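Each remark here refers to the structure printed beneath this line.
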Number of protein chains: 4
Amino acid sequence: MTEFPKPNRQLRLGMVGGGRGALIGPIHAMGAKLDNRWQVVAGCLSSDPQVARDSGADWFLPSNRIYTTVHEMAEKEAARPDGIDAVAITTPNNTHHEICKTFMAKGIDIICDKPLTNTLDEALDLVEATKKSGLVFGVTHAFAAYPMVRQAKEMIAAGELGRLTLINVEYMQEWKTHDLSVAPTKQSGWRADPARSGPTACTGDIGTHAHHLATFVTGLEMTKLRAELLTAGPPAELDDTVHMMVRYAGDIPGTLMCTQVAPGNGCGLRVRVYGEKAGLEWDQEKPEQLLYARFGELRQVISRGFGEGVREYAARLTRVPREHPEGWIEAWGNLYTELAIAIEARRDGHTIDHSLLQYPTVEDGARGVKFIEAAVESNAAGGAWVDCTLSL
Amino acid sequence: MTEFPKPNRQLRLGMVGGGRGALIGPIHAMGAKLDNRWQVVAGCLSSDPQVARDSGADWFLPSNRIYTTVHEMAEKEAARPDGIDAVAITTPNNTHHEICKTFMAKGIDIICDKPLTNTLDEALDLVEATKKSGLVFGVTHAFAAYPMVRQAKEMIAAGELGRLTLINVEYMQEWKTHDLSVAPTKQSGWRADPARSGPTACTGDIGTHAHHLATFVTGLEMTKLRAELLTAGPPAELDDTVHMMVRYAGDIPGTLMCTQVAPGNGCGLRVRVYGEKAGLEWDQEKPEQLLYARFGELRQVISRGFGEGVREYAARLTRVPREHPEGWIEAWGNLYTELAIAIEARRDGHTIDHSLLQYPTVEDGARGVKFIEAAVESNAAGGAWVDCTLSL
Amino acid sequence: MTEFPKPNRQLRLGMVGGGRGALIGPIHAMGAKLDNRWQVVAGCLSSDPQVARDSGADWFLPSNRIYTTVHEMAEKEAARPDGIDAVAITTPNNTHHEICKTFMAKGIDIICDKPLTNTLDEALDLVEATKKSGLVFGVTHAFAAYPMVRQAKEMIAAGELGRLTLINVEYMQEWKTHDLSVAPTKQSGWRADPARSGPTACTGDIGTHAHHLATFVTGLEMTKLRAELLTAGPPAELDDTVHMMVRYAGDIPGTLMCTQVAPGNGCGLRVRVYGEKAGLEWDQEKPEQLLYARFGELRQVISRGFGEGVREYAARLTRVPREHPEGWIEAWGNLYTELAIAIEARRDGHTIDHSLLQYPTVEDGARGVKFIEAAVESNAAGGAWVDCTLSL
Amino acid sequence: MTEFPKPNRQLRLGMVGGGRGALIGPIHAMGAKLDNRWQVVAGCLSSDPQVARDSGADWFLPSNRIYTTVHEMAEKEAARPDGIDAVAITTPNNTHHEICKTFMAKGIDIICDKPLTNTLDEALDLVEATKKSGLVFGVTHAFAAYPMVRQAKEMIAAGELGRLTLINVEYMQEWKTHDLSVAPTKQSGWRADPARSGPTACTGDIGTHAHHLATFVTGLEMTKLRAELLTAGPPAELDDTVHMMVRYAGDIPGTLMCTQVAPGNGCGLRVRVYGEKAGLEWDQEKPEQLLYARFGELRQVISRGFGEGVREYAARLTRVPREHPEGWIEAWGNLYTELAIAIEARRDGHTIDHSLLQYPTVEDGARGVKFIEAAVESNAAGGAWVDCTLSL
């Protein structure tokens, strides 16, 4: 097995967003630190100065590296000899584009939450800016960094399922059935606000994860879709549910189904891929297992771990022995490790084998935005088929 | 708990189809005998006289009650003082209508496999004939007779999920990925032949089960659908996969998804129903359990059995204690027990509480045929919404 | 695959015990009828004449074949040309010996519940009487008739686990934690009474199932044991829990653990067998699956059904396709089918291949009684090792 | 909910052992860093200078804080104003006592792997030294730091199971069935060597985990045991399997069963606790779930997460929402967080609420050593009951 290159140094990470009360910021940080390749050294954790200071203190950031505007942060960090190598952006969707551009202008590599932006124009602008700058730009579809997802991708790429015939993906959640009027969270606020979350809620928030996972695992672009955006739960301005019929490259049919109002489902992201020779199923709630059914043979349960049955791309992302469970933070750790390798190589001018790395790129982020736009368009057209490809 | 009425006598059942090599005929017979309410006394098990005789001998039928035509069987059985009370029809779809009419003409009650017929006209004719004759007419959607399916139905009817918001049903199989050219079965033959299976394959064969299960559990009619009929597996004249977006009464959205080319799925019939207060999931591969998630409470696992948590409609259909597994044959047993009660009551002029009985009727069968026709129409119209209700 | 011989006729079964309110009698009858090889024609369903009559009517027995004493039943049935071929005995343990002897004296084959008797002397007397008479004598360890248990036995016999190294068996139930003073059942009464249940409660009732299952699957006699009989639940005269260290032939170590006071366990009979090359696990609450772990290979899930991976001994006992669940009644059906084959052959003087049949015999029953006696002796001796072999 | 106190500073951790090729050292480090309370700043990662240097470089340790003897490390670190606050000891058992004493002599807090020592005398000496010094001394039974284990402990302490009646614990592994002659690991070497691993192999290595887990969850001391130490797998000087009957305080019976030769088990640590009102089951291979069965109610599945059903002790150790899986590294993170709180408080002279903290102490470690000695003594005495309590 080809190992990941060892790091020459710890990279320095800055955080935007993620202060007290945030869900995803601390996950970025935990993932980043897991493999010793990153340290978190600066942050613009809130636009409220007091919250920013308190949050920065929680993280043991030096007080002069706790910022309240991204412009100040980008400028000052770029000016330091020990300034941040990369910035992690964990703010609402509508702010991503401007923040990214601000840091990119200073030559700082980008790690940005999904969906990438609220408009395709913004997304394409980031793709273009990335190309021009040569910067590394990662999008945090962390689910795709679970070892057993990588295993599935490698098995499919190796032809072990034969020609693919059917691809079903779903992401079922329950959180919007909580009485959010009683205990609103940061998320429940901005995600319900079209100005910040963009033209969709469920489709953009979790639909893009499902879209990325299905296209990542199969290695196939989604080519067209017909969509229904629904509000099945409490009255809301935006969708809480989306149903789609889709096609993948080669006209392979599939379905995509997401909802945030399904009691009993915490984080039910599941993908099923069927081919002429075998099928694979993966469920984020049991992420350590991959169900593998070859025709004419017994069903197999592939467990993450060292040793038998585990492919190279999964083995590289494994830290502990089989059946000592790894989870979601470790998936974030995998993502940050791959980004560290890419960023160190770019900064130090190393040549590395990019085929080892499978982190989602700015192009993947832009495809997610195209997916959202196609969903909105199809829904508006009564469920007509709409092209969702993106030539980049 | 109101118990089922005790039987006064064992009913006499005749079989049409189900001879050597058949899958479903012997299941009818095993289910029928389970609760001591039925004996199998006559049969037209094959149109080939030798196969009919051999099959009849396997079943210990008297030689003078082994028939080779349904007309002879109907006539002679109707003439006997100890003639059959009911007939079970397990032949290909295209023959159902004529066979049903033949026995109905002789006043014999009907138990017929699904889909009811290959055309809606035929189906409506059977509905009409049933109304006029007053005969009992059951359709063998046996999956709906699992105790935990009845439990789900009762809980939903009692409002325990609140207003329903989302209904997802799927039926995933793998058998059409077998190399059927090597070992063709009776089924693989006629189900691939439009002349016998009707305008669809997957949609009619298993789509109707999914349609019935979802409407049965929720107590809601499916009102419209948009469908894609697909051939995702080996080349074939008819569909092996169907994807639908659907609406139920009250404009409740849902999806319906069936395939016969998904390796790793033997009999993956699963229904998920979500409401404003709770959700339920049931999976035919784990039929003894019902997952129940009330919002704000721990998830519960409702097991079939006597005692806590089990509702009346499920308890009545329970034979053995919790965790001594019951299976598919027992579901058939439940169906035959309910049919026996209805048929005995009709024949003996008893009054019974029909609300105890939930076997699928000829009207349910006709709704299944309407469902197939709507699917074909929608598919032909590029996935347009098509009404699938049926006023009866 | 060698098929079971087809029956020439339906055998006639009589029942002793099993009247209204009984748990296990109706299970015998349902299992017996499943494969068309048996009909139930006579019964001594209760010693109370009214209950006997009512219960017999429930079963549609002719009134002149409803008996209130076993002696009358044995005598009259033996005198009829269409008298019973075999009798199923489902009464408390202490009555088994006398009832068996009564029917054996009339040349009637025996199917008897476990434990066989309350003393080893009685058990050995039945072994001797069986030898002398040439009668078929089956003991209803029905769990051993699940297809996946037979599969495990065949795989072990074929050497697929290599030399066995470790055997763990357990049977965990919860029923004695119910408040039995509120709703005493027939069982809870006599099983708590040493005069009827014998020197143990848990050990005799479910310990003998665990003992049989482990020795059946491995093909190895249990050679010695050290036991603790415990009353962990509500105060009681007899054990509700038993813990053992055991040895199997070849000095292979193991454990045996049973309890009836473990909330959350309905029928938790589980056996785990490990060898030099592989391990197998089977759990009665998921009876359709056998977990198979070969060293250096992926874990496999062997499902009951037709086709890949399923061995001959399991395939012969399979009625429905993979993932259409079969359960406990079907296991009883398998047991009764094998007994029908043996009994028909004995009665008609046929020669059959006895290696096809694996029903528990009177010798197995006697080994169970020896197991109980050894447990009592070891417990009394402070947990000393006690031999539990039985040369027959 | 009482939150953990926020840290005032990051503690400095030194590592002993854990260099290249080690399993457990990196797990310590990943766990320590997860919550931002620790940084790893020094190490004696190997006694081989080159390996020590290379391993230290992997961890980005300053070269002057990479040591090759523990004495040098203790001395130099104690002399630095920014010297380590605590040391994590991950070397073979036989070295623990001397290394602990070396660092304790310098006032450095201790985090030591299990079993604590190879003799009870050594263990008691460490207990005494801890008392005298006032140092914090943690033992890394990390399994006990899973949130759902803490949940079980809190529920039992609150009386939700009623008086306990039965406690079964087991730890099943497979690694010793690997052909270790082909690819010996560091562990397989020293764990098979009595000079380093002590008087047992399986009992000391994983038996102590099972012993700690059962006593931790129930809050009950194990009072006596009778043991069989077995070599069921490949020939070996020491045990690979241990079977025990045990008693807990209040004469509550139980079993303890461990093996390292059970194919199909990676890390099968499972505890089942039954009481007069309810039962609980927890399985390390599904660590996010706790099965809870109250008598007369439906079985419940308690999932780790925020919100309903989750108790304070579990909620404090939760980082991510329900169904975003957490695993073993997070359990280590929980352990290190509790140790950080205790160590910071000791060093800074804070008063904290020690009832918040449940890390295993040196006394727990000593009880584990007593457990091993009792097992050896019982086994030598043919399985006699041996007291295993320890008054401290």
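Please read all numbers here as calculations on a predicted model, not as lab measurements. To find a chain, count down the sequence lines: A is the first, B the second, and so on, and within it residues start at 1.
Taking the charged nitrogens against the carboxylate oxygens, B:Arg226 and B:Glu377 have no contact shorter than 4.0 Å, which rules out a salt bridge.
Only the side chain of B:Met172 comes within less than 4.5 Å of a heavy atom in chain A; its backbone stays farther off. For chain A, the nearby part of B:Ala278 is the backbone; its heavy atoms alone come within less than 4.5 Å. Neither the backbone nor the side chain of B:Leu291 has a heavy atom closer than 4.5 Å to any heavy atom of chain A. For chain A, the nearby part of B:Met257 is the side chain; its heavy atoms alone come within less than 4.5 Å. Proximity to chain A is absent for every atom of B:Glu276, based on heavy atoms less than 4.5 angstrom apart.
Side-chain contact between B:Pro253 and B:Arg247 is present, with heavy atoms from C-beta onward closer than 4.5 Å. Using a 4.5 Å heavy-atom cutoff, the side chains of A:Ile302 and A:Met155 are in contact.
In terms of heavy-atom pairs under 4.5 Å with chain A, the best-connected choice from B:Arg163, B:Glu281, B:His243 is B:His243. For chain B, the option among A:Ile252, A:Thr259, A:Val261, A:Asn265 with the highest count of heavy-atom pairs below 4.5 Å is A:Asn265. Note on A:Gly382, A:Gly279, A:Gly264: by heavy-atom pairs under 4.5 Å with chain B, the leading option is A:Gly264. Highest contact tally toward chain B, considering only A:Ala384, A:Gly233, A:Gly254, A:Gly275, is held by A:Gly254 [criterion: heavy-atom pairs under 4.5 Å].
In this pair, A:His209 and A:Tyr171 present their aromatic rings tilted. The plane angle is within the 30 to 60° band.
No side-chain donor-acceptor contact under 3.5 Å links A:Asp387 to the backbone of A:Lys224.
The residue from B:Asp240, B:Asp239, B:Asp205, B:Thr241 that alone fulfils the side-chain hydrogen bond (donor to acceptor under 3.5 Å, both in side chains) condition with B:Gln260 is B:Asp205.
In this structure, A:Lys153 is not positioned above the aromatic face of A:Tyr313 in the sense of NZ or CZ being under 6.0 Å from the six-membered ring centre and within 45° of the axis.
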